[in-house]
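Heads up: the structure comes next, in structure tokens.
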Amino acid sequence: MKSFGVHLFFLLFLAAIASVTVQAFTGTYGINYGRIANNILSPDDVVTLLRAAKIKNVRIYDFDQSVLKAFSGTGLELVVGLPNENLRDVSANADHAMNWVKDNVLAYLPDTHIRGIAIGNEVLGSSDEFSGFLLGAVKNVYNALDKLKLSHLVQITTAHSQAVFADSFPPSSCVFKDNVVQYMKPLLEFFSQIGSPFCLNAYPFLAYMSNKDQIDINYALFLPTKGADDPKTKLHYDNLLDAQIDAAYAALEDAGYGKMEVIVTETGWASHGDENEAAATTNNARTYNYNLRKRLAKMKGTPLRPKSVLKVYVFAIFNENLKPGPTSERNFGLFKPDGSISYDIGFHGFKSSSADSSLLSLKEIRASSWSGSYSIILTMATALLLVL
């Protein structure tokens with residue numbers, strides 16, 4: 001009878017967890033925390049910076065312990081990354097996937113609010129080096145979460161670049177490339193089963209740089225322009241980002257997954273570039289990111305999906321001085337390495353050592369409301385796993 005009672009309580013508890021299912025994203029605005037640099041703030045200072053800027057949603061590209069520990073007790077919502085180079089091993093061995101989840105997710109819950117795991121980044125569409133391992137890694141990590149009773153709390157995703165599309169203009173003509181479909185369709189089928197969104201890295205900056213003669217820079221920067229019309233849908237677009245997102249929706253529709261949500265996991269504009277990157281200026285970067293914040297504050301969707309409120313992670317917190325490639329790659333940050341703002345779009349950075357001291361230490365702040373209930377839920381889940 002005691003065993004029956006424990007199991008009945010456990011089933012009811014899991015039902016309660018399901019009823020408070022969380023998404024990996026809260027609100028409309030988030031940011032990427034890239035760290036390919038040797039001169040940026042410590043993770044503890046980054047937490048203080050983000051809380052001061054009231055940015056709650058954060059993505060990292062790995063599972064660095066110092067970051068996971070710094071985010072503990074802050075209430076910030078974190079998506080961790082399984083890097084591309086780990087896909088082969090995790091795909092081939094379910095036990096390795098389980099150990100990875102235990103070591104890098106379960107071990108930090110509930111204090112660190114890990115809301116999602118990004119499996120690889122821009123795996124499909126260019127090189128096929130890791131393409132064959134993506135779905136296996138996704139399934140093994142999800143199954144590990146499911147066995148640990150965490151699949152309702154931690155969302156599985158993977159981000160795609162525009163390279164997965166055969167054509168994206170007009171938006172309604174967009175489809176997945178032939179060499180991508182063999183990997184994409186099984187992935188989309190699994191994501192549709194577990195309720196994961198389609199994650200897109202969308203850069204009007206890059207599109208403009210590649211098509212300066214055809215794209216009005218005002219259209220790319222959310223500035224007044226005649227815009228563009230889609231002859232098939234008769235929809236009008238007044239900015240390039242909306243068009244890029246609706247192109248993704250069109251490709252999903254063509255593949256049979258038109259109901260899947262699209263979330264923008266990267267977008268931004270470089271503030272400095274090489275001689276052939278004339279659009280990479282501080283003024284353009286400020287204009288793009290300021291207007292993006294205004295657009296997101298309207299809590300609206302795109303012309304094709306007007307009721308699906310757009311969610312975006314901007315790229316990125318910092319200029320990263322060790323990133324390879326053109327100069328623009330090292331100048332996407334909203335903040336300089338010392339925490340001061342790169343340009344003014346409404347955030348307040350670290351202005352000086354005295355300004356730093358005026359910001360609250362986040363180790364003294366424990367998030368309330370859902371933060372507390374989230375901690376209780378995961379603590380009880382862990383205890384029940386031990387009991388059962």
*Going hydrophobic residue to hydrophobic residue with side-chain gaps under 4.5 angstrom, can you get from I341 over to L334?*
yes

*Rounded to the nearest 0.5 Å, what separation is found between the NZ atom of K102 and the NZ atom of K147?*
9.5 Å

*Answer with yes or no whether the hydrophobic clustering places V312 together with M260; edges join I, L, V, M, F, W, Y residues whose side-chain heavy atoms lie under 4.5 Å apart.*
yes

*Are V309 and F198 connected in the hydrophobic side-chain network, where two residues link if heavy atoms are under 4.5 Å apart?*
no

*asked:* When you compare the side chain of L78 with that of Y108, does any pair of heavy atoms fall below 4.5 Å?
replied: no

*Where is the tightest heavy-atom contact between N319 and S342, given as atom of each residue plus distance?*
ND2-OG, 3.9 Å

Distance-only donor-acceptor pairs under 3.5 Å for side chains of residues 207-215, two or more places apart:
unit_1, atom_1, unit_2, atom_2, d
S210, OG, L206, O, 3.1
N211, ND2, A207, O, 3.1

*Under 3.5 Å, is there a donor-acceptor pair linking the side chains of S66 and D64?*
yes

Identify each donor-acceptor pair in which a side-chain atom of residues 173-186 lies under 3.5 Å from a protein atom, sequence neighbours left out, and give them as a table.
unit_1, atom_1, unit_2, atom_2, d
S173, OG, F169, O, 3.4
S173, OG, P170, O, 2.7
K177, NZ, A163, O, 2.9

_Summary of salt bridge (charged side-chain N to carboxylate O under 4.0 Å, His left out) pairs that have at least one residue in residues 290-299, sequence neighbours excluded_ = D242-R295

*Do L322 and Y61 share a hydrophobic cluster, counting only Ile, Leu, Val, Met, Phe, Trp and Tyr and linking them when any side-chain heavy atoms are less than 4.5 Å apart?*
no

*Check Y33 against I60 and note the closest heavy-atom contact, atom names and distance.*
CD2-CG2, 3.7 Å

_For the student: nearest non-hydrogen atoms of P324 and R330, plus distance_ = C-NH1, 3.8 Å

*Can the ring centroids of F205 and F315 be said to lie less than 6.0 angstrom from one another?*
no

*Is T48 reaching over with its side chain to a backbone N or O of D44, donor-acceptor style, under 3.5 angstrom?*
yes

*Any ring pair (Phe, Tyr, Trp, His ring centres under 6.0 Å) involving residues 274-294? Give me the pairs, sequence neighbours left out, ordered by first then second residue.*
F222-Y288, W269-Y288

*Hey, could you give me each pair passing ring pair (Phe, Tyr, Trp, His ring centres under 6.0 Å) that has a residue in residues 241-263? Not counting sequence neighbours.*
none

*May I ask you to test the D62-R35 pair for a side-chain heavy-atom distance under 4.5 Å?*
yes

_Point-to-point distance, once rounded to the nearest 0.5 Å, from CG of L134 to CD1 of I119_ = 8.0 Å

_Nearest heavy atoms of S91 and N140, plus distance in Å_ = O-ND2, 3.0 Å

Can you give me every donor-acceptor pair (side chain of residues 123-130, partner residue at least two apart or in another chain, under 3.5 Å) with its distance?
unit_1, atom_1, unit_2, atom_2, d
S127, OG, E129, N, 3.1
D128, OD1, S131, OG, 3.3

*Verify the distance criterion only: is there a donor paired with an acceptor across the side chains of S340 and D338 at less than 3.5 Å?*
yes

*Pick from D230, T302, D246: which one makes a side-chain hydrogen bond (donor to acceptor under 3.5 Å, both in side chains) with Y237?*
D246

_Side chains of N32 and R59 only: does a donor on one sit below 3.5 Å from an acceptor on the other?_
yes

*Would you indicate whether the side-chain heavy atoms of F191 and I194 approach each other to under 4.5 Å?*
yes

*asked:* Hydrophobic clusters here meaning ILVMFWY residues chained together by side-chain heavy-atom distances under 4.5 Å, can you tell me if L241 and I345 are in one?
replied: yes

